[in-house]
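What follows is one structure encoded as structure tokens, with my remarks underneath.
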Amino acid sequence: MTSYRSPLDPYGALWAADRDEADGRDEADGRDGLSVVPGDPSGREAMRRGLALVRAYARRDAAAVAAALDGAEHAVARQLPSVTGDILRLVVGIVMSGPRTLTPADVVCAADTIAAVGPPHHELAVTQAVRAWADGDDMHLRTSWRDGTAAAHGAAVLAAALAVRAWGRDPFLGLLDTFDEVVDACR
């Protein structure tokens with residue numbers, strides 16, 4: 001059985017990229033390491049929209065993918081990659097903690113199908129990034145998601161692909177519903 005390899009840790013380049021972002025190392029490319037603050041209205045809105053984006057991809061609902069990002073204020077849009085990245089890290093952590101019955105090829109196949117409902121101008125970059133992740137090509141993965149919107153879509157697709165293939169659509173959607181309840185409780 002194939003496992004997910006990474007010289008860094010189970011989270012691979014995703015974890016390292018977030019550490020770089022949090023350290024402010026990516027300021028030159030427009031990302032300033034803005035973290036999500038749940039008590040802040042823009043942070044709550046970013047969490048709501050990030051969850052909606054991941055849910056839309058899991059359901060393969062193109063209209064909901066577009067609606068998740070439509071009209072987002074700049075402060076909200078800048079936080080979306082952090083939100084979808086957090087969801088992805090949670091999914092990866094859970095998948096990696098259990099028996100590994102899922103192969104990278106399974107995830108790539110699911111991601112190809114799921115990414116097709118997203119914006120066409122992000123589909124190729126997202127699927128290439130997922131393939132890089134599956135191949136353990138951390139450098140290509142990191143460069144694929146330099147743009148904030150691409151990073152939000154990429155993390156959402158990879159989280160949905162991993163979770164849907166590992167647990168099924170309904171259990172994953174149930175988990176996202178629980179996250180919605182937590183976000184609502186932060187008001």
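For reference, positions follow the sequence shown, starting with 1.
The shortest heavy-atom contact between V183 and R44 is CG1-O, 4.1 Å. Between A134 and P104, the shortest heavy-atom distance links the atoms CB-CB, 3.6 Å. Nearest approach of A155 to T84, heavy atoms of both residues: CB-OG1, 3.5 Å. In this structure, S97 and I94 approach most closely via the heavy-atom pair OG-O, 2.8 Å. Looking at every heavy atom in both residues, P119 comes nearest to Y57 through CD-OH, 3.6 Å. A166 and L102 get closest at one heavy-atom pair: CB-CD2, 4.1 Å.
At a threshold of 4.5 Å between side-chain heavy atoms, the hydrophobic network of Ile, Leu, Val, Met, Phe, Trp and Tyr places V117 and L80 in one connected group. When hydrophobic clusters are built by joining Ile, Leu, Val, Met, Phe, Trp and Tyr residues whose side-chain heavy atoms come closer than 4.5 Å, directly or via intermediates, L124 is not grouped with V107. When hydrophobic clusters are built by joining Ile, Leu, Val, Met, Phe, Trp and Tyr residues whose side-chain heavy atoms come closer than 4.5 Å, directly or via intermediates, V65 is not grouped with V76. Residues L176 and L90 fall within the same hydrophobic cluster, defined by Ile, Leu, Val, Met, Phe, Trp and Tyr side chains chained together at heavy-atom separations under 4.5 Å.
Between S42 and Q79, the side chains place a donor N or O and an acceptor N or O closer than 3.5 Å (distance only, hydrogens not considered).
Note that CZ of F179 is 6.5 Å distant from CD1 of I87, once rounded to the nearest 0.5 Å. Atom CD of E45 is separated from atom CE of M47 by 10.0 Å, given to the nearest 0.5 angstrom. One distance of note links NE2 of H121 with NE2 of H153; it measures 6.0 Å at 0.5 Å rounding. In this structure, CG in L175 is found 12.5 Å from CG in D170, a value given to the nearest 0.5 Å. How far CG of L162 is from CG of L88: 6.5 Å, rounded to the nearest 0.5 Å. From T127, atom OG1 reaches atom CG of L158 across 12.0 Å, with rounding to the nearest 0.5 Å.
The aromatic rings of W167 and F172 lie tilted to each other, with the angle between the two planes from 30° to 60°.
No donor-acceptor pair closer than 3.5 Å links the side chain of R169 to the backbone N or O of V164. Between the side chain of R49 and the main chain of D70, a donor-acceptor pair closer than 3.5 Å is present.
Proximity of R55 to D177: side-chain heavy atoms (C-beta onward) are separated by under 4.5 Å at one or more points.
A side-chain contact (heavy atoms from CB on, under 4.5 Å) with R165 holds for exactly one of D106, T103, V108; it is D106. Applying side-chain contact (heavy atoms from CB on, under 4.5 Å) to R131 and the options V126, D137, D112 leaves one that passes, D112.
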